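Scroll down for the structure; my scribbles are underneath it.
Please read these numbers as outputs of a predicted model, since none were measured by experiment. Each chain gets a letter, A, B and so on, in the order its sequence line appears, and its residues count up from 1.
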Amino acid sequence: MPSGASIALRPDLGLAARAWPFEEARKILARVERKLAKGEKVTEVVLETGYGPSGLPHIGTFGEVARTTWVMHAFNTLSPIPTRLIAISDDMDGLRRVPDNVPNKDMMTANLGRPLTSIPDPFGTHESFGHNMNARLRAFLDNFNFDYDFRSATQEYKSGVYDNALLRVLSKYDEVMKVMLPTLGEERQQTYSPFLPVSPRSGKVLLAKVVAHDPDRGTITYLEEDGSEETVPVTGGHCKLQWKPDFGMRWAALGIDYEMYGKEHYPSAPLYNAICKISGGEPPEQFMFELFLDDKGEKISKSKGNGLTIDEWLTYAPRESLALFMFQKPRVAKRLTFDVIPKAVDDYIDLLEKYHANETSEADRIDNPVWHIHNGNPPAERYPVSFALLLTLATASNAHNQNVMWGFIKAYAPQASPEANPGLAKLVDFAIRYYEDFVRPEKKFRPATEKEHAAFLDLAAKFEAMGDARDPKAVQDVVYEVGKAHQFEPLRDWFGALYEVLFGQTAGPRFGSFAALFGVKETAVLIRRALAGEFVAAAAE
RNA sequence: GAGCCCGUAGCUCAGCGGCAGAGCAUCUGACUUUUAAUCAGAGGGUCGAUGGUUCGAUCCCAUCCGGGCUCACCA
């Protein structure tokens with residue numbers, strides 16, 4: 001998904017488009033027009049997306065950035081106002097739990113509670129744990145060519161970008177508390193403060209009881225872990241805000257116009273909005289998307305480790321298919337499991353075909369998901385066969401290599417070749433991998449009976465004597481003769497035995513065609529390996 | 001408890017104001033030196049229920065029933 005491609009300004013199309021990114025973009029446009037009507041200057045539109053960097057980027061991270069990017073590009077068709085996507089990392093959060101997948105756990109444990117950017121990097125490669133996680137996040141986003149403006153929360157707090165908004169929160173402390181307290185349990189109400197001081201003594205982000213706040217001096221006074229009082233400024237990175245106030249304050253401080261979030265944030269949105277207003281901002285346009293479910297219908301989360309990882313998806317299908325899956329119905333909770341992959345790939349192929357069809361109008365093109373997925377510039381390549389067909393071919397012929405697959409493909413699309421259809425070539429690899437990992441393990445190979453064994457040996461010998469025969473009919477004749485010679489009656493039992501013993505399935509491709517494509521010599525090898533019991537043994541593992 | 005999503009053919013889902021659709025599955029036929037692929041065709045749905053808006057509702061609105069998720073401690 002190359003980004004940065006310039007999006008053509010086409011308000012005529014964008015205003016009428018029905019695809020959801022356009023609906024969102026029109027919300028932003030209305031916001032801009034509202035501001036202009038009030039006499040405000042609008043020099044750019046800022047979209048935001050945020051991450052908790054205590055874990056590795058995951059499939060949801062991809063979805064969030066991709067979706068926000070699509071809205072941004074849709075807006076680019078509507079308005080010449082420049083846009084920017086801020087990707088902010090909450091790297092000032094205190095470390096609450098030592099992640100499972102890091103080394104130096106003792107060191108990490110000793111640093112619990114400190115900001116992620118104040119903890120040494122357990123991998124030893126970066127300035128801090130937070131820096132390392134940020135680097136991984138950026139590498140991940142760069143790998144997809146997203147166009148974004150990276151921000152570190154630590155940097156934002158320390159550099160003073162938030163100072164005005166923070167002082168504002170301090171000066172309206174009671175108002176903030178009035179918003180927050182009703183949402184808290186009784187116990188938490190006793191100790192709650194929107195400000196979390198970073199202890200000058202321990203370096204930890206403290207959930208401390210605040211005993212006094214001084215708007216004039218810009219400080220709060222709180223109880224340290226040992227019960228003594230300590231006073232710190234709220235500015236300059238000496239305090240961070242609790243997450244809900246943080247969300248709202250950040251909107252105000254950075255002038256965010258648009259943000260998406262998962263369903264779990266939805267109930268808190270009114271709070272974010274209230275804090276944003278208190279902090280002197282106007283809450284951004286927002287969009288809630290549904291969460292992904294695993295095969296049991298449960299929410300996918302990093303900690304549970306259920307559902308698909310992004311690497312898993314990209315092992316079996318191209319990224320376009322993943323992008324399409326993210327594009328479709330963001331407000332519906334969808335199952336994210338392996339079996340949705342083939343359909344996503346074929347939907348993509350169909351949509352790409354429709355996009356390029358002569359009868360497709362410009363209006364339809366801009367509504368087509370592939371327009372969004374490819375940032376307004378879908379590739380010209382077409383796919384003469386579907387992924388489902390490739391999977392069928394791989395299954396039917398027990399294919400483990402590209403040559404056999406291409407032999408079949410050319411039977412359907414004579415013009416196709418790995419050189420002319422690089423996308424299809426990748427799809428062939430994906431299909432083989434999918435077959436190897438999901439279909440093949442389900443196959444049930446059986447050993448040959450004595451009668452079959454003799455016939456198979458005969459067939460293998462005949463094949464070996466055929467040299468480089470390529471004529472499907474001639475090869476099929478040999479297969480037929482051998483079956484007759486060994487008195488299989490009806491003859492279909494003979495073919496059935498071939499499929500069951502060689503392919504581990506009860507049906508398959510026309511055997512002569514397969515052997516001709518696969519090579520008679522190679523087929524002979526296949527037969528001998530089957531007779532040696534290799535396939536039965538492999539299946540038993 | 002509050003909020004959100006879903007309920008359409010056996011299964012998975014698309015459609016979201018104008019004669020009910022796709023893929024898979026099933027069945028029939030063609031082709032075949034096979035049971036695959038391919039091709040042709042068929043069956044199968046009071047579009048969860050009830051009211052309302054409309055010339056017209058699967059689609060919009062309301063209520064209800066059923067299923068699921070999220071939040072309620074922390075981010």
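- In this entry the distance linking CD of A:Glu264 with P of B:G68 reads 21 Å, nearest Å.
- The interatomic distance linking A:Gln242 (CD) with B:A75 (P) rounds to 4 Å, in whole Å.
- With a cut-off of 3.5 Å on both pairing distances, the Watson-Crick or G-U wobble partner of B:U38 is B:A30.
- Of the P atoms belonging to B:A20 and B:U53, the separation is 23 Å, rounded to the nearest Å.
- Across B:C13 and B:C5, the matching C1' atoms stand 15 Å from one another, rounded to whole Å.
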Quiz prompt | A:Tyr222/A:Ser199 under side-chain contact (heavy atoms from CB on, under 4.5 Å): CA gap, chis, key distance, verdict | solution = CA-CA 10 Å; A:Tyr222 67 94; A:Ser199 169; 4.0 Å; yes
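- Checked against A:Ser321 for a side chain to side chain donor-acceptor pair (under 3.5 Å), the options A:Trp313, A:Tyr348, A:Tyr316 give a single hit: A:Trp313.
- Taking the C1' atom of each, B:C65 and B:A30 are spaced 49 Å apart, rounded to whole Å.
- Each of A:Glu290 and A:Val479 has a nearest nucleotide on RNA chain B; the 5'-most of these lies closest to A:Glu290.
- When both pairing distances are held under 3.5 Å, B:C71 makes a Watson-Crick or G-U pair with B:G1.
- Separating the P atom of B:A62 from that of B:C71 is a span of 26 Å, rounded to the nearest Å.
- Scanning both residues, A:Pro378 and A:Val370, for their nearest heavy atoms gives CG-O, 3.7 Å.
- Atom name C1', nucleotides B:A14 and B:C55: the rounded distance is 28 Å, in whole Å.
- B:C64 and B:G56: their P atoms are spaced 26 Å apart (whole Å).
- Considering only heavy atoms from C-beta on, A:Trp20 stays 4.5 Å or farther from A:Arg331 through its side chain.
- For the pair A:Phe387 CZ and B:G23 P, the interatomic distance rounds to 19 Å; values are reported in whole Å.
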